*Asks:* 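The structure follows.
Protein chains get the first letters and strands the later ones, always in sequence-line order, with residue 1 at the start of each. Every value quoted in this text rests on a predicted model; they were computed, and no experiment measured them.
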Number of protein chains: 2
Amino acid sequence: MGETIQSVERAAAILRLLASGPRQLGVAELARGLGLPKGTLHGILRTLVHVGFVEQDPATGKYRLGATLLHLGSSYLDVNELRTRSINWADALAGRSRESAWIGTLHEGHVLVIHHVFRPDDSMQTLQVGTYLPTHASALGKVLLAHDPYAEPAEPPLRPHTKHTIIDPGALEEELDRVRTRGWAAEMEELVDGEVAIAAPIKDRRGVVVGAIGIRGAVERLATDGALHMEYVSYVRDAARAITRDLAR
Amino acid sequence: MGETIQSVERAAAILRLLASGPRQLGVAELARGLGLPKGTLHGILRTLVHVGFVEQDPATGKYRLGATLLHLGSSYLDVNELRTRSINWADALAGRSRESAWIGTLHEGHVLVIHHVFRPDDSMQTLQVGTYLPTHASALGKVLLAHDPYAEPAEPPLRPHTKHTIIDPGALEEELDRVRTRGWAAEMEELVDGEVAIAAPIKDRRGVVVGAIGIRGAVERLATDGALHMEYVSYVRDAARAITRDLAR
DNA sequence: CTCATGGTTCGACAATGCCGAACGAATCGT
DNA sequence: ACGATTCGTTCGGCATTGTCGAACCATGAG
């Protein structure tokens, strides 16, 4: 056995491809996308259907992700120590700031949202747990990037989300320096127009940054004339410090 | 190739076993649980780690689920038609009833929660999307069970969650009959003490039940002297009918 | 009505991954 | 402090396992 099991790796590639778009894919499309013969793919797909990781549309014969994955994903949240330890602090942060609170980790070049508390007194928000945020255009991402030992500033080019998004690698590096020295990150309408965010790093007992926590809300509530209200910054930093302390025990 | 690919099936079994408990498991434990040689498992685990489905604790060497699964699970939600079509209705239901709204599907003998709207004006609730509810002890489960062609009342024995849980198979069958004729299900403190729930079926364009929608809240708000307030029942049934109509288009 | 495209089946070949025993490290119990 | 377990990991031979490509039907478009 050389290094890694071929069929399992291929199965994972199929799942990732199915997850990459909202569309459901057929055998032929997958074969083209992965450069594998149709017959081979069919065998793996049959197995994935059997274990519930993939579902097949009875009408068209095309394939999509299965419900078992949803359950496995939520099981991951139970195991995740960072999340279980920080849930209460995120609730408190949301309550004190009266804005939505977020917790994220670095994962494959993106910020993976592992917890999300809605803004109090404001329903009609969709939950973002499990989704990706861009590292260069989010407060959480800047914090994680700034403290990542491998300093991987996501694969260029930096995609602009609004006209305020930092797309110049040099400017991003300067911004990350500021984040490092200051200890927290701001994001001024760089991901969504009209929304700003604040984030601070969470460290484990050895001092390495394992995640970030922050809030996000309308610019008119959190800032005046482009300057953040510092009370919100202290809320976020307090929460981050509390979780860090909690993880050290 | 007989029927299904061995290594992929084994990989899935590993993931399910890791998801079954909050604890992280070692190679030896997995080998015992699955009846496979340690060496074999190690190879599959190495691959699962490589694709991010599994993480290994650097300290203890034990394995736990990986972050990629969380992202795959949330991707499933994007693809799921029932969910995308019913989100708005669930929001409306939660708003009108001022209680938490839930949408679930039958999956491997459990109710899989695919959407969950918090109760308005009440933060500090943990999201339940992706978790399982028992079929025999939840309003959603009763609805789904009552209309399941394969009529699988979950594997006995029926586990009691409170002293009101229906644990007698005969009594459950009677209850399901009532649900069928009445068109909706009630659950009076059968899952959690002090909480009641109401649910109604969602059908696709062919008329088969593909899911259920309902609300859940404190018994003192939703009922008086053990009798549900019928206005809540109509809220739920209205929402279910609206989604059914929506799916038919 | 034809043709292209999509999902599925099949059988032969050999590459692939399974297995069991052996290794070194860590932990537990005494 | 020291054996005795128990753990995660490595390795190489064997045959089981999965890969491959061509052939098979359905479906839908032109």
*Asks:* Quantified in whole Å, what is the P atom distance between nucleotide D:dT16 and nucleotide D:dG12?
*Replies:*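 My reading of the P atoms in D:dT16 and D:dG12 gives 22 Å.
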*Asks:* Any side-chain N or O of B:Q56 below 4.0 angstrom from OP1/OP2 of D:dT9?
*Replies:*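 Yes, such a contact exists.
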*Asks:* Heavy atoms under 4.0 Å, any strand shown: does B:E9 hit a base, just sugar-phosphate, or nothing?
*Replies:*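 Nothing: the residue B:E9, judged by heavy atoms under 4.0 Å, touches no strand.
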*Asks:* In whole angstrom, what separates A:L36's CG from C:dA15's P?
*Replies:*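 From A:L36 CG to C:dA15 P: 17 Å.
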*Asks:* Can you measure B:I5 atom CD1 to D:dT16 atom P for me and round it to whole angstrom units?
*Replies:*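 The distance from CD1 of B:I5 to P of D:dT16 comes to 18 Å, rounded to the nearest Å.
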*Asks:* Please pick, from C:dG6, D:dT17, D:dT19, the nucleotide with the shortest atom-to-atom distance to any side-chain atom of A:A28.
*Replies:*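 So the nucleotide nearest the side chain must be C:dG6.
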*Asks:* Can you measure B:L45 atom CG to D:dT10 atom P for me and round it to whole angstrom units?
*Replies:*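 The distance from CG of B:L45 to P of D:dT10 comes to 12 Å, rounded to the nearest Å.
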*Asks:* Could you check A:V51, A:L48, A:I5 and say which one makes a side-chain contact (heavy atoms from CB on, under 4.5 Å) with B:V8?
*Replies:*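 With B:V8 as partner, side-chain contact (heavy atoms from CB on, under 4.5 Å) holds for just one option, A:L48.
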*Asks:* Would you mind reading off the distance between A:L41 atom CG and D:dA22 atom P, rounded to a whole angstrom?
*Replies:*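 Going from A:L41 (CG) to D:dA22 (P), I get 16 Å.
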*Asks:* Select from A:V8 and B:G61 the residue whose nearest nucleotide in DNA chain D is closer to the 5' end of that strand.
*Replies:*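 Here B:G61 is the residue nearer the 5' end.
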*Asks:* Using the ring pair (Phe, Tyr, Trp, His ring centres under 6.0 Å) rule, collect all pairs that involve residues 20-62 of chain A, keeping only residues at least two apart or in two chains.
*Replies:*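 Residue pairs with at least one partner in residues 20-62 of chain A: there are none.
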*Asks:* Roughly how many Å is it from NZ in A:K62 to C1' in C:dT8, rounded to a whole number?
*Replies:*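 For the pair A:K62 NZ and C:dT8 C1', the rounded distance is 15 Å.
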*Asks:* May I ask you to verify if any side-chain N or O of B:H42 is less than 4.0 angstrom from the OP1 or OP2 atom of D:dT9?
*Replies:*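 Answer yes for this pair, as a side-chain N or O of B:H42 is under 4.0 Å from OP1 or OP2.
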*Asks:* Closest approach to the side chain of B:V27, judged atom by atom: which nucleotide of D:dG18, D:dT9, C:dT8 is it?
*Replies:*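 So the side chain of B:V27 is nearest to D:dT9.
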*Asks:* Taking OP1 and OP2 of C:dT8, is either one under 4.0 Å from a side-chain nitrogen or oxygen of A:Y63?
*Replies:*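 For A:Y63, the contact criterion (side-chain N or O under 4.0 Å from OP1 or OP2 of C:dT8) is met.
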*Asks:* I want to verify a distance call: between D:dC20, C:dG7, C:dC18, whose nearest atom is closest to the B:T40 side chain?
*Replies:*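 Nearest listed nucleotide: C:dC18.
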*Asks:* How are the rings of B:H107 and B:Y132 set to each other: parallel, tilted or perpendicular (split at 30° and 60°)?
*Replies:*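 Tilted.
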*Asks:* Measure from CG on B:L25 to P on D:dT6 and round the result to the nearest Å.
*Replies:*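 The answer, rounded to whole Å, is 18 Å.
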*Asks:* Does the base of D:dG21 carry an N or O that pairs as donor and acceptor with the side chain of A:K38 under 3.5 Å?
*Replies:*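 Between D:dG21 and A:K38, which were checked side chain against base, a qualifying N/O pair under 3.5 Å is absent.
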*Asks:* Send over the distance from B:I44 CD1 to D:dT17 C1', rounded to a whole Å.
*Replies:*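 In whole Å, D:dT17 C1' and B:I44 CD1 are 13 Å from each other.
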*Asks:* Hey, is the side chain of B:S7 poking within less than 4.0 Å of OP1 or OP2 on C:dG17, counting only N and O atoms?
*Replies:*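 Result: no.
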*Asks:* Distance check needed: C:dG17 P versus B:H50 NE2, whole Å only.
*Replies:*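 Checked: the NE2 to P distance equals 14 Å.
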*Asks:* Side-chain N or O of B:R10 less than 4.0 angstrom from OP1 or OP2 on C:dC19?
*Replies:*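 It does, given that an N or O in the side chain of B:R10 lies less than 4.0 Å from OP1 or OP2 of C:dC19.
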*Asks:* When you match A:Q6 and A:T60 each to their closest nucleotide on DNA chain C, which lands nearer the 5' end?
*Replies:*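 In this pair, the answer is A:T60.
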*Asks:* If you check every side-chain atom of B:P37, which of D:dT17, C:dC19, C:dG7 has the closest atom?
*Replies:*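 Per side-chain heavy atoms of B:P37, the pick is C:dC19.
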*Asks:* Over 60° means perpendicular and under 30° means parallel, so classify the ring planes of A:H136 and A:H161, tilted if in between.
*Replies:*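 Geometry flag for A:H136 against A:H161: tilted rings.
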*Asks:* Between A:T47 and B:E9, do the side chains contain a donor N or O and an acceptor N or O under 3.5 Å apart?
*Replies:*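 No.
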*Asks:* How many angstroms lie between CG in B:L65 and CG in B:L18, if you round to the nearest 0.5 Å?
*Replies:*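 The distance works out to 5.0 Å.
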